[in-house]
Structure formats: C-alpha cells, structure tokens
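Some notes on the structure that comes next.
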Amino acid sequence: MNNQQLAAIFNLIADLLEIKGEVIYVILAYRKAAESLQNLGREASEYWKEGTLREIPGVGKAIADKIDELLTTGSLRFLEDLKKEIPASLAEWRQISGLGPKKIALIWKSLGITTMEELKQAAQDGKVAGLPGMGEKSAKLILDGMESLSRRSDRLPLWKAAPVVEDLCNILGSLPGVATVSPAGSYRRGRSTVGDLDILVASENPSVVMDAFTSLAGVSRVLGKGATKSSVEFSSGVRAQVWVHPPAKFGTALQYATGSKEHNVAMRQLALSKGFSLSEHSLMGQDGTEHFFATEQDLYAALGLQWVPPEMREDLGEMALAAAGKLPRLVELADIRADLQNHSTWSDGEMSILEMARAAMARGLKVIAFTDHSQSLGVTGGLTIERHAEQQKEIEAAQREVGDGIRILHAAEVEIKADGELDYPDDFLATLDLVLASLHTSLRQPRDKVTARLINAINNPNVDIIGHPTGRKIPDREGADLDMEAVLQAAAKSGVAMEINASPYRLDLDDKYARRAKELGVKISINTDSHSAKDMEAMSFGVAIAKRAWLTPQDVINTWSDEKLLAWLKDKKSAN
DNA sequence: GCCGTTTTCGGCCCGACTGTTTTCAGTCG
C-alpha cells in the first residue's frame, strides 16, 4: 500500500467523521496526516519497516497504529466500523461544491438516501428544498454542483492553467483604477497542477473589477459575487476566483490568497503567539490597532520572519527557518545558464541545431546540449551511430557560426531498453559530451523490473543524467511504478544527476522526489526537453518545482560555470 | 488526534459570501 492509497484512506475517514459530526480537530488531524503522506518523498512503508512512522509530520500514536494495521493486514477495523455507521457513498457528495458535511448529514438522515442518483432525484423532486434551513436555491446549487462536477477534471494541468492566468491578469490589469494584479494560490506556489485559479487585484474601486470579472466572455456560471471577492466557472470547466484589496493592504491580502492553507495557519498561530491577530486585511494588536502592509516583505518582517518564497509555503519546516533567518537561497530562473535536454530536426525536433542554439542564446543561455533520440526509438527518427558522426559536423559548423556566444554540446537521449540495456554501446557513449538516459517504452513493467532498468542505466559510468525519471504525462499517464528510494540511493552512489523535466506536461521528478534527492546529495538537472524554440519558455516551470524542493544553485548543475559543468562531465567519464 | 522558544494538557486561524433566516449557520478558501 503506497502513500497515495494511505492518504486516500485517511481522507475518507475525515470525510465520514465530518458527516458524523466529530469535533473538527480530529478531522483536521486526519487531513493533516493525509496531506503529509502525499508530500512525502519516501514511502511510509519504509518508515514502518524502520519503526519511525511517528517521524512523519502529523502522525502520532493513533494514526501510526492505523498505518501499521493497514500495512500488516491490508484493511482497517476502525474504518470498517465507521462505514457501518456512515455510508461511504456519502463521502462522494463532498465533491459537490456548495454541499458540506452538515447539509449532507441533514439530507441523509431526513430523506434516508445515500447515492448520487438518489440525491439528484430528491433535489429535482423538491424534497431537498423542503428540508429545514434549505430552499429552492439550495436545491439548485446542488444540481448545478453535480452538473459541473461531471464536467470538471480534478486538477488543472499547468500547461492549461498558465495561458488562462496570463489572460486574466492582462484583462484585469487593464481595467481603470487597477494598480497591480498578481496570480495567487497554488499557481503562484508553483504546483505542477492547480485547482481553482486565484488572482489578486489591487484597486480602490473593487466594483469595477467585480463587474468586469463576472461578465467575462466564456463565463458559464457565477459561483459568487460580492463586494471584494467573486468566483466564476468558465465553460471549459476551469474555475477562477478574484479578490480586490486596496494597494495599502496588498501585502497581507497577497500573502493570504497565496496560501497554502497550512502555511497560513502557521502564520496566524505565530501572530497569535506574538499578541497579534492576522487576517487578509491587517495585523491587529490586542488593543485593536491595525497594521497594514503594502508588500509581503513588510508583513513577514513584522512577524520577525524572512520573506518566504511562495514555492516554500507548505508548512514543511519553512517557518522555523524563516524565524531563524536561515532560509536557503533558492535557485532562480536567472541562475540557469544551461539547458541540457533539447531536440533538433536530427530526430523529432522542429528546428535546426543553429536555430535552436540562437534561440537559447537569445534567452541568455551559455550552454545548450542536443540530446536527439537514439536509434531504437524509431517513431522519433532516432539516430544511428553513423548519423551521429554527421550530426557532429553540423554541430561544429553551428558552433563556428555562434562563436563564443553559446557552447553547443553533442549529446544523446539514449533509450533505456525494455531489457535494461542502453541503446548505444559503451565505447560510443564515451565519445559524447553528455549522455542523458531515459525510459520511453515498457513503462508498465512490474516495479522490480522497471526499477532495475533505471538502476542499470544509473550504474553505467557513461551516463550523466537520467531524463524524466518516471515517464509520467500530466494529466493522462501515471509514471512507471518505480522504487524511487532505491533509484535515488543508486544515483547518490554513482554521482548521476536526476532531471527535473520542466515541460508542463511532465514536471518529472516532481517536487517531493527532488527534495528527497537533495537530502541524499543527488545533483539535479532542470531541462526543458525542447523540440522547438517556444518550448524553452518552460524553464520557469522546472525552476518552480526546484524551488518547491528547496534546491539551491549548488544543487542544480545547470547553474554551474562552464568550467565546473564540463569538469563534472569529464570526471564522470574519466572515472570510467 | 496532534503537539510543545508560553504548554505533556489545553489548545488548535479568520473572514467573505450566500441563503434562509429575523440574527445566523453553512460553506469555502
């Protein structure tokens, strides 16, 4: 049983307990444990074997015992008993927006219904509207909620969210009286998928913003419209929410709207411990005096904290570091000087080596590696060794053309074949400037086999980087079922770097594994996997993942000087 | 149910918006 499955069980327990009417703090404890398991870079089963389950944040005696029972027997007595009391199908109703635990309990107990179909029927028949505290609008809210639930996917992939956020910011920013616009929420925190889109607007005239936002083209449903906060659903199923605050309060408001919820709870607790009450409007002293902050920096400083980068705001230890003035200097987009996975027309790319190199130069890069596919990946036009010799000539010509502007590396994305062997012989690999090894095929192999394939590649002294390690595609394809802990341990031992593939379709490694890699001393390479100049824009997404993993420039080989990077590549070769 | 630079027991964040209400409960973020 993996972390995701354990987390799902604890979230289910939380849902059922909430409907049952359990005190809120018990529910919060289960949700915290679930959240914590999802963010963990190692499997809980490994902690379990070591007897260190309670080192997982939010896991105390009771939940550790439940994890133990689940891993030992595969089931949980507590949950089975709970299901006899509260039908598990009611937990599905929680996904309907506008329907919370209290109303679910009311409907279930009053009408004796438990399924989605029965709920729909009851809402249509007027039975829901007849309940105490409910009315026609409540029934309609439920029906609308069910309707949009059927249209929505769980979370929005970044490649879908980014253009929408950009459009919204441009439109809102051009309204009269608007001083500033900023994305907030999970998008600003750099998550690889986002839920609803959150946008914060600074203006003294909120009604203009609210009116414009709720009447945008493409809005299919206004979920709420108030004086300073509104939310809408677009016909695409995407939901967005906009807050408006005056510029003088923009700092507190942006901090609040950025979250995460867990980070904000920690912030408020800290404020309380210092005799203040923190809200999205102000920091209020016990005597009622309010302090306003135009910037987040001022707010964090007022609480005795360093400004915490949004990507770190998950309550995973950043508060203590910020209080001690010891936040790491995270890697930034401006630190990136090399992109080490790119494709040209020599395989499945759309542009020539010279065109790509010039595009990279225009972005300020100093090193670009061409990692065209290897021969066995036929659909991509993978290169034979003979064609590599021709490509080498073109690279030399392109290098003469661009001069000192950028260094072009002759590399390859070598296929790790189904049997674990690499697609080129070692003596050829040794001649390349850089070798990136990746899985593209037979991703569904059993865990042991696919893990062994990757480790075999890691142990090849010619391999410098493992590309997009799990092979996942967002949102459609789960990655290979890897024993990531074993993979990262092997990489630490051999000195191979692991890639954070910056493509918003991949973002692989994800942040939790990248963070675990850093703990083990594994170097990271952030690459765009570009097939055209436009793809190079994705670097910022990869950097966001790296920041979420708390990586510094030293951890990321793409930030290193030419000398250091080339020496590192050479050392790996000479260790051959 | 978890947790500890106020605490091993007593806390655990705060406000906007909506609908069904005559002053508030539920939901959401």
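The two residues A:Pro157 and A:Thr193 come nearest to each other via the heavy atoms CA-CG2, 4.3 Å.
For the salt bridge (Lys or Arg N to Asp or Glu O under 4.0 Å) criterion with A:Arg42, the lone passing option out of A:Glu519, A:Glu50, A:Glu55 is A:Glu50. Shown are A:Asp483, A:Val487, A:Leu482; of these, the side-chain contact (heavy atoms from CB on, under 4.5 Å) with A:Glu485 is made only by A:Asp483.
B:dA16 atom C1' lies 5 Å from atom NZ of A:Lys229, rounded to whole Å. Rounded to whole Å, the distance from NE2 on A:His245 to P on B:dC14 is 16 Å. Rounded to whole Å, atom C1' of B:dG15 lies 12 Å from atom NZ of A:Lys249. The separation between A:Leu141 atom CG and B:dA25 atom P is 20 Å, rounded to whole Å. As a whole-Å value, the separation of A:Ile9 CD1 from B:dG1 P is 16 Å. Counting to the nearest Å, the P atom of B:dA16 and the NZ atom of A:Lys261 are 19 Å from each other. The NZ atom of A:Lys225 sits 13 Å away from the C1' atom of B:dC17 (whole-angstrom rounding). Between the CD atom of A:Glu262 and the P atom of B:dC12 there is a distance of 18 Å, given to the nearest Å.
Not a single donor-acceptor pair under 3.5 Å links the side chain of A:Ser282 to the backbone N or O of A:Phe292. When atom types are taken as modelled, the side chain of A:Asp167 and the backbone of A:Val164 share no donor-acceptor pair closer than 3.5 angstrom. A donor-acceptor pair is defined here as one N or O able to donate and one able to accept, closer than 3.5 Å; such a pair exists between the side chain of A:Ser36 and the backbone of A:Pro57. Within the 3.5 Å criterion, the main-chain N or O of A:His468 finds no donor-acceptor partner in the side chain of A:Arg506. Formation of a donor-acceptor pair under 3.5 Å by the A:Glu314 side chain with backbone atoms of A:His263 is not found in this model.
Comparing B:dC2 with B:dT7, their C1' atoms are spaced 13 Å from each other, to the whole Å. Here, B:dC17 and B:dC12 have their P atoms 26 Å apart, quoted to the whole Å. Comparing the P positions of B:dG26 and B:dT21 gives an interatomic distance of 13 Å, to the nearest angstrom. The separation of B:dA16 from B:dG11, taken at their P atoms, amounts to 26 Å, rounded to a whole angstrom. Taking the P atoms as reference points, B:dT8 lies 16 Å from B:dC3, given to the whole Å. Nucleotides B:dT20 and B:dA25 are separated by 9 Å at their C1' atoms, to the nearest Å.
At the heavy-atom level, A:Lys66 lies under 4.0 Å from the strands shown only through sugar-phosphate atoms. Within the nucleic acid shown, A:Ala227 comes within 4.0 Å of sugar-phosphate atoms alone, with no base atom in reach, counting heavy atoms only. Among the heavy atoms of the strands lying under 4.0 Å from A:Lys137 are primed sugar atoms or P, OP1, OP2 only; no base atom is included. Here A:Ile24 lies out of heavy-atom contact (under 4.0 Å) with every strand. If you check every strand for non-hydrogen atoms under 4.0 Å, A:Met134 touches sugar and phosphate atoms only. As judged by a 4.0 angstrom heavy-atom cut-off over every strand, A:Glu136 is placed among residues touching the sugar-phosphate backbone only. Looking at heavy-atom distances under 4.0 Å, A:Leu28 makes no contact with the nucleic acid at all. Among the atoms of the strands shown, none is found under 4.0 Å from any heavy atom of A:Pro132.
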Can you check nucleotides 2-5 of chain B for protein contacts, nitrogen or oxygen pairs under 3.5 Å, and list what you find?
residue : atom : partner : partner atom : Å
B:dC2   : OP1  : A:Gly60 : N            : 2.6
B:dC2   : OP1  : A:Gly60 : O            : 3.4
B:dC2   : OP1  : A:Ile63 : N            : 3.2
B:dC2   : OP2  : A:Ala62 : N            : 3.4
B:dC3   : OP1  : A:Gly58 : N            : 2.9

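Dashed line: the shortest gap from a side-chain N or O of A:Tyr30 to OP1 or OP2 of B:dG1 is under 4.0 Å. Contact check, A:His281 against B:dC14: no side-chain N or O comes under 4.0 Å of OP1 or OP2.
Distance from the side chain of A:Lys103 is smallest for B:dG26 among the nucleotides B:dG29, B:dG26, B:dT20. Closest to the side chain of A:Tyr256, from the set B:dG29, B:dC13, B:dT27, is B:dG29. With B:dC28, B:dG19, B:dT18 as the candidates, the nucleotide lying closest to the side chain of A:Ser138 is B:dG19. Proximity note for A:Asp198 (side chain, C-beta onward) versus B:dG1, B:dC28, B:dG29: the nearest is B:dG29.
Taking a 4.0 Å limit (strictly below) on heavy-atom distances, residues 273-280 of chain A reaches DNA chain B at A:Ser273, A:Ser277, A:Leu278, A:Ser279, A:Glu280. Of the residues in residues 291-312 of chain A, none lies under 4.0 Å from DNA chain B by heavy-atom distance.
Ring-plane geometry between A:Phe276 and A:His291 is classed as perpendicular, the angle between the planes exceeding 60 degrees on a 0 to 90 degree scale with a lower cut at 30.
In this structure, B:dT8 forms no base pair with any nucleotide, since neither Watson-Crick nor G-U wobble geometry is met with both distances under 3.5 Å.
A donor-acceptor contact closer than 3.5 angstrom is absent between the side chains of A:Asp196 and A:Gln241. There is no side-chain donor-acceptor pair under 3.5 Å between A:His281 and A:Glu290.
The closest side-chain heavy-atom distance from A:Asn264 to A:Thr258 is not below 4.5 Å.
Comparing A:Ile104 and A:Phe78 along DNA chain B, the residue whose closest nucleotide (by nearest heavy atom) sits nearer the 5' end is A:Phe78. Comparing A:Val23 and A:Ile96 against DNA chain B, the residue whose closest nucleotide sits nearer the 5' end is A:Val23.
The structure places CD1 of A:Ile96 at 5.0 Å from CG of A:Leu119, a figure rounded to the nearest 0.5 Å.
Cation-pi geometry between A:Lys66 and A:Phe10 is not satisfied (NZ or CZ under 6.0 Å from the ring centre, within 45° of the ring normal).
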